[in-house]
Amino acid sequence: MQRHSFIEDLLATLIGTSLVALGLYFYKESGLLIGGTAGLSLLLERFSNLSFGQLFLLVNLPFFLLAWWQMGRSFTLRSLTCVSMVSLMTDHMHRVLTLQSLNPIYAALGGGILIGIGLLSLFRHNSSLGGINILGLFLQKRKLARAGTVQLTLDCLILAASVFMVSLPILGLSVCGALLLNSIIVFNHRHERYLGASV
């Protein structure tokens, strides 16, 4: 199997993390929720003096132990790099982009598409954004479940647990965004269809 070159991996990392950071910025500015460690970090940010990026990095640290043990050093270091880049870019997105008005429906759907395509780019280049991504890829590697299916299930559980923290319209839009995001991964990240790199 032909592996990606260093330049291809580098470009995919830059593109993937940039898309995810922009999508998360949409969610953050609209008060929307998302699943996984990113969603947990957005929730914790409301009750903490730490920024989203700082919390996102901290929440992901335990999952890197699983990654190192089961997915290998290369995957773990790539994922740690991606999490750090998304944390940094999301925290400082306001320096390059100021949103005067953002429709929550557009934020949910557009943000979901951006994050889904960004994650797909990272997955296809032997990387992830930690947390549930690592668990999903681990189970897919063992042929126990598809990464997107695992992520969708856990995301919905996390969003359901947030029902008392946000309004029903915001929760509904967040669920729609999660469905769209994970559908992109479910329908596009299949080993039998894409053979560019081993994850």
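FYI, side chains are in, hydrogens and waters are out, and symmetry mates aren't considered; it's all heavy atoms of this structure.
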### Message
Taking atom CZ as the centre, does Arg73 end up with more than 12 heavy-atom neighbours from other residues, nucleotides or ligands that are less than 6.0 angstrom away?
### Response
no
### Message
Please evaluate residues Tyr25 and Met89 with respect to the criterion side chain to side chain contact (heavy atoms under 4.5 Å, CB included), reporting the C-alpha separation (whole Å), side-chain torsions for both, the decisive distance (0.1 Å), and the verdict.
### Response
CA-CA 9 Å; Tyr25 186 64; Met89 284 190 279; over 6 Å; no
### Message
When you measure from the side chain of Tyr27 to the backbone of Ala108, do you find a donor-acceptor pair of N or O atoms at a distance under 3.5 Å?
### Response
yes
## Note on the structure
Scanning both residues in full, the closest heavy-atom pair of Ser84 with Leu57 reads OG-CD1, 3.9 Å
#### Entry: Whether Thr90 side chain and Val86 backbone form a donor-acceptor pair below 3.5 Å
yes
### Query
Hey, are the side chains of Arg78 and Asp9 touching, using non-hydrogen atoms and a 4.5 Å cut-off?
yes
### Message
Can you confirm whether Ile34 sits close enough to Leu24 that some side-chain heavy atom of one is under 4.5 Å from a side-chain heavy atom of the other?
### Response
yes
### Query
Can you tell me if Thr149 uses its side chain to pair, donor with acceptor, with the backbone of Ala145 under 3.5 Å?
no
### Query
Less than 4.5 Å apart, any side-chain heavy atom of Phe26 and any of Leu32?
no
### Query
Is the backbone N or O of Phe187 less than 3.5 Å from a side-chain atom of Arg146, with the two atoms forming a donor-acceptor pair by type?
no
### Task
Evaluate the side chain to side chain contact (heavy atoms under 4.5 Å, CB included) criterion for residues Leu99 and Met93: first the C-alpha distance (whole Å), next the side-chain angles of each, then the deciding distance (0.1 Å), finally the verdict.
CA-CA 10 Å; Leu99 300 174; Met93 189 69 70; over 6 Å; no
### Query
Honestly curious: do Leu119 and Leu77 fall in one hydrophobic cluster under the side-chain, below-4.5 Å linking rule?
no
### Query
Do Phe56 and Val83 have side-chain heavy atoms sitting under 4.5 Å apart?
yes
### Query
Taking a hydrophobic cluster as the set of Ile, Leu, Val, Met, Phe, Trp and Tyr residues connected by side-chain heavy atoms closer than 4.5 Å, whether directly or through intermediates, do Ile185 and Ile113 fall within one such cluster?
yes
### Message
For Leu109 versus Leu180, what's the shortest heavy-atom pair and its separation?
### Response
O-CD2, 3.4 Å
### Task
Determine whether Leu114 and Leu88 fall in the same hydrophobic cluster, where Ile, Leu, Val, Met, Phe, Trp and Tyr are linked whenever their side-chain heavy atoms lie under 4.5 Å apart.
no
### Query
When clusters are formed by joining ILVMFWY residues with side-chain heavy atoms under 4.5 Å apart, either directly or through shared neighbours, do Leu65 and Leu80 land in the same one?
no
#### Entry: Within one Ile-Leu-Val-Met-Phe-Trp-Tyr cluster: Val175 and Leu33, side-chain cutoff 4.5 Å
yes
### Task
Measure the shortest side-chain to side-chain distance between Thr13 and His125 over non-hydrogen atoms and say whether it is less than 4.5 angstrom.
no
### Message
A side-chain contact here means heavy atoms from C-beta on lying under 4.5 Å apart; do Leu58 and Leu50 qualify?
### Response
yes
### Summary
Closest non-hydrogen atoms of Ser121 and Ala12, given as atom of the first, atom of the second and distance, are OG-O, 3.1 Å
### Task
Answer yes or no: is there a side-chain heavy-atom contact under 4.5 Å between Val20 and Met85?
no
### Message
Does any part of the side chain of Phe64, heavy atoms only, come nearer than 4.5 Å to the side chain of Ser79, both counted from C-beta?
### Response
yes
